[in-house]
Amino acid sequence: MATTDDDRRPKYQRIADSLREAIQAGEYGPGDRLPGENDLMAAHGVARMTARQALSVLKDEGVAESRKGAGVFVRAFRPLRRRGIQRLSQEQWGNGRSIWSADIENRTLVVDQVTVSEEEAPERIRQILDLPGDETVCVRRRRFVLDEKPVLLATSYLPTSVVAGSAITQEDTGPGGTYARLAELGHKPVHFREEIRSRMPTKEEAAQLSISAGTPVILICRTAFADEGRPVEINEMTLDAASYILEYDFDA
């Protein structure tokens with residue numbers, strides 16, 4: 001009998017695939033406990049390490065999560081649909097709404113670990129913002145927590161000469177956030193550019209986002225431009241890849 005590609009896959013991968021299919025079919029719902037190592041060993045006739053690897057695959061994909069002393073469970077968190085174009089429209093921040101309101105519907109979003117400081121700009125930031133050699137930047141660092149799950153780390157850089165003395169230098173920037181305040185200062189964003197990459201998280205990022213070291217992160221670097229193409233903000237974001245769906249909806 002011919003050997004199929006499925007037969008050639010490692011046993012742990014085949015077990016992980018069968019569990020994933022069962023989850024997608026609704027046999028295990030959000031919050032349900034998955035078969036443990038002993039169950040998988042008995043059902044598939046494999047060693048404990050193979051069973052452990054199968055469960056690790058699902059955890060690394062963000063499909064499942066461990067609960068200390070209780071086992072491995074189907075992840076209950078509903079991915080956030082990030083509407084990349086609608087969220088940045090002036091209709092959002094220009095009317096005092098957070099750009100997040102385009103994404104979260106009625107879910108609970110908390111911004112914590114907020115710090116605001118004046119610092120020397122890293123060289124990559126200095127080049128993009130086209131800063132004179134002695135100009136500093138206002139740096140805003142935040143963590144975003146949705147439904148009690150950390151989903152995003154963000155660091156924004158803005159020229160100090162543009163934002164000095166404004167609410168942007170405070171932890172709470174007020175209705176409409178940073179972009180509404182920039183507009184009030186005469187530097188209304190009129191164009192945005194986002195660059196997207198992905199990689200594995202650093203140890204610090206994994207800890208801050210409460211993810212396993214095997215779960216990738218999405219990196220988004222957004223630059224906001226005012227009139228005449230002047231860059232006025234750079235926002236470097238690190239997203240838990242398992243928590244997001246990136247949606248881009250636009251006309252042809």
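The first residue of the sequence shown is numbered 1, and numbering continues consecutively from there.
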In terms of side-chain geometry, is the basic nitrogen of [X] or [Y] positioned less than 4.0 Å from the acidic oxygen of its partner?
{"X": "Asp112", "Y": "Arg142", "value": "no"}
{"X": "Glu236", "Y": "Arg141", "value": "no"}
{"X": "Arg75", "Y": "Asp240", "value": "yes"}
{"X": "Glu247", "Y": "Arg87", "value": "no"}

Looking at [Y], is its backbone amide N or carbonyl O close enough to the side chain of [X] to form a donor-acceptor pair, meaning the two atoms are under 3.5 Å apart?
{"X": "Thr160", "Y": "Thr136", "answer": "yes"}
{"X": "Asp147", "Y": "Lys149", "answer": "no"}
{"X": "Arg199", "Y": "Pro216", "answer": "no"}
{"X": "Arg181", "Y": "Pro175", "answer": "yes"}
{"X": "Gln13", "Y": "Pro10", "answer": "no"}

Is any side-chain heavy atom of Leu152 closer than 4.5 Å to a side-chain heavy atom of Thr238?
no

Is there side-chain contact between Phe192 and Arg222, with at least one heavy-atom pair below 4.5 Å?
yes

Candidates Thr223, Leu246, Leu88 - the one meeting side chain to side chain contact (heavy atoms under 4.5 Å, CB included) with Glu194
Leu88

